[in-house]
2 protein chains.
Amino acid sequence: MATMVDVAALAGVSVKTVSNVLNGYPYIRDTTRDRVLAAIDELGYQVNVTARSLRSGRTGMIGLAVPELGQPYFGELADDILAAAREQDVQVLIEPTGFTREGELAALREPGRGLIDGLLFSPAALEQTDASLLEVDYPLVLLGEQMFSPRVDHVTMRNTEGARAATDLLLDHGRRRIAVIGMLHAQGAGSAALRYAGYRQALENRGLAVDPALFGWADDGWHRGNGALAMAAILDAGVDVDGVVAFNDALAMGAMFELQVRGRRIPEDVAVIGFDDIEDARYTVPSLTTVDPGRREIARVAVELLCRRVRERGDRDGVRPEAVLHLADMRIVERGSTPARA
Amino acid sequence: MATMVDVAALAGVSVKTVSNVLNGYPYIRDTTRDRVLAAIDELGYQVNVTARSLRSGRTGMIGLAVPELGQPYFGELADDILAAAREQDVQVLIEPTGFTREGELAALREPGRGLIDGLLFSPAALEQTDASLLEVDYPLVLLGEQMFSPRVDHVTMRNTEGARAATDLLLDHGRRRIAVIGMLHAQGAGSAALRYAGYRQALENRGLAVDPALFGWADDGWHRGNGALAMAAILDAGVDVDGVVAFNDALAMGAMFELQVRGRRIPEDVAVIGFDDIEDARYTVPSLTTVDPGRREIARVAVELLCRRVRERGDRDGVRPEAVLHLADMRIVERGSTPARA
DNA sequence: TTGTAGGCGTTATCAT
DNA sequence: ATGATAACGCCTACAA
């Protein structure tokens with residue numbers, strides 16, 4: 001493996017000049033630069049990232065702590081984060097937290113075993129009372145709920161607005177018996193609570209009452225099976241339904257399944273809308289209308305923000321900049337499970 | 001940040017002794033070890049992984065090149081790999097290849113930008129003619145098809161055997177009109193060809209003919225929607241069907257959907273079996289019987305093998321050990337979409 | 001059983 | 001505009 005010394009020797013310059021060329025130092029004669037580049041090319045030289053890290057104190061890697069990549073939403077989020085990181089020229093170390101408090105605490109305590117410059121953290125099990133744990137001594141950006149410390153950077157989605165827009169879409173089509181799938185009995189300030197607030201607001205804005213008979217409970221997780229069960233429970237109770245707002249796409253798919261098995265036509269008899277816009281939503285029959293919460297934007301902004309924080313840490317000393325709260329744009333993706341616009 | 005020098009000073013020993021304690025060197029007096037450990041604890045000292053890497057020439061990280069984490073199979077595979085890596089005390093750098101040849105070539109060419117010790121590679125777009133590209137100068141273990149060089153380590157699944165067992169299960173229940181979903185016109189030596197071979201073998205073993213009218217084509221990808229379309233094409237042609245073997249779970253779900261929408265009962269009228277055992281398969285209605293190809297085992301064995309290769313590289317010089325081919329155990333997971341055993 | 005010296009490949013400092 | 005030299009923090013010889 002060739003080193004900078006070899007390149008310098010071949011180009012007839014000092015190692016420092018090679019380093020300067022590599023790092024875009026401006027004051028270099030063109031002829032010198034050319035000779036160095038030629039030598040690099042000839043030797044097939046590549047910088048030793050490890051040595052650079054040791055010297056600079058940065059690894060060029062960031063961590064991503066998410067519950068589980070097998071869950072399509074998080075798998076797709078990870079894909080988006082990886083794409084954004086490639087853009088910023090950083091590598092990503094993924095740390096699955098398994099939906100557990102211990103997993104999340106471990107990720108916060110020793111992220112990447114000391115070889116990352118900062119952490120993107122998507123909490124799923126921590127409670128509001130754990131907020132103090134987020135005051136760590138490395139750059140940290142939170143993805144998802146804004147239920148934590150106002151002193152920590154957040155990049156998240158418009159949960160309430162999204163659910164309100166989803167409900168409005170069905171209301172606009174004249175639906176008045178709109179089931180809401182994904183309710184949790186033990187809801188704190190998480191997505192469930194925020195999305196329910198949007199559902200309620202949409203109804204109340206039109207002077208309509210919220211009917212608990214239309215609540216579909218999914219305390220065991222927002223899985224497809226629980227969506228089907230929740231839908232079944234509502235239908236079994238003989239409740240009249242002409243629309244469904246589900247808190248995520250998996251629940252929506254389960255509900256669609258149950259409706260179709262019972263002979264309800266979608267969207268003619270019942271219109272259905274989900275949340276998240278996962279890839280699978282394109283491939284249901286009919287395809288699923290859903291809320292795109294701006295996952296790509298979240299990924300891009302979060303990675304950029306984290307990289308900025310990493311850079312800032314080198315500059316300023318001790319003076320923490322104001323925490324940022326970024327809410328991504330959301331939009332409705334209309335597909336076959338809701339009626340075509342008039 | 002405390003360094004080894006600080007620890008040594010506080011403990012009243014040399015840095016070498018601290019290093020020895022950290023690396024489990026046996027000949028250390030207990031009292032010395034205790035003093036060192038106490039100093040480490042007091043200073044909250046953590047080894048600088050970067051410096052260690054520079055010195056040792058290893059980073060303690062491996063790469064994982066997969067098409068896309070958003071696809072549940074790969075997301076779950078990544079979870080399993082990450083778990084196995086944690087067991088081996090290595091970190092994983094994920095490199096999405098996006099189902100493209102360029103992406104896979106890039107991953108092979110400069111994996112992890114020089115900061116990984118070895119690569120796990122799950123090819124999806126490379127052709128058999130690209131086999132020579134796999135002869136790289138770093139440890140490489142292939143996941144998936146064994147369609148490549150016999151000089152490269154492979155850890156993969158029993159594709160043919162799995163599909164044969166799946167077909168046998170339906171045959172055992174007396175099904176004789178078994179559709180096969182996921183056929184590709186342009187099949188090389190990939191999963192589609194191997195799994196079709198299993199389907200065919202099962203029929204031929206019982207002296208049954210293969211009927212092309214039962215072929216469900218999915219040239220546009222093994223997505224749920226294409227499973228539904230393939231099923232619809234068969235049913236629209238008026239072909240009699242009492243069983244379905246799908247080449248993956250997504251296709252199976254699409255086929256189930258289409259069958260149920262048309263009023264066929266599962267498993268009474270049509271029995272359905274998938275392949276991969278993704279998490280979602282538990283949550284369909286009815287739950288999906290499928291082939292568990294041994295994904296966890298594949299992940300564990302592949303990570304262990306790669307770590308061994310990394311270690312070996314330090315020992316032997318130039319002498320490549322014989323390439324390993326490991327086929328994971330597969331098994332059928334019986335659920336509601338096939339009839340209960342008599 | 002413990003200590004000393006030196007180097008892994010790069011970048012920062014300070015000259016020139 | 002370029003060069004010499006000293007770190008960065010750890011580990012391996014070798015010495016004691």
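Below, chains carry the letters A, B, ... as their sequence lines are ordered, and counting in each starts from 1.
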Taken to the nearest whole Å, CG/B:D6 to P/D:dC10 is 9 Å

Atom CZ of A:R58 and atom C1' of C:dG9 are separated, to the nearest Å, by 19 Å

### Query
Does the pair B:R101/B:D130 count as a salt bridge with the N-to-O cut at 4.0 Å?
yes

Checklist entry - Side chain of A:E76, backbone of A:E279: donor and acceptor closer than 3.5 Å? => result yes

Which of C:dT11, C:dT1, C:dG3 is nearest the side chain of B:V13? It is C:dG3

Here the distance between atom C1' of D:dC10 and atom CG of B:L22, to the nearest Å, is 10 Å

Between the protein and nucleotides 4-9 of chain D, which nitrogen or oxygen pairs are less than 3.5 angstrom apart?
residue, atom, partner, partner atom, Å
D:dA7, N3, A:R55, NH1, 2.6

Atom CZ of A:R35 and atom P of D:dT2 are separated, to the nearest Å, by 8 Å

Atom CG of A:D30 and atom P of D:dA1 are separated, to the nearest Å, by 10 Å

The residue among B:V7, B:V36, B:L10 that forms side-chain contact (heavy atoms from CB on, under 4.5 Å) with B:Y45 is B:V7

Under 4.0 Å, heavy atoms only, any strand: does B:T32 hit a base, just the sugar-phosphate, or nothing?
sugar-phosphate

Taken to the nearest whole Å, CG/B:N23 to P/C:dT1 is 17 Å

Between CG of A:L43 and C1' of C:dG9 the distance, given in whole Å, is 15 Å

Could you tell me whether A:R308 and A:E312 have a side-chain N and a carboxylate O separated by less than 4.0 Å? yes

Query - Short side-chain to backbone donor-acceptor contact, B:D117 and B:R58, under 3.5 Å - result: no

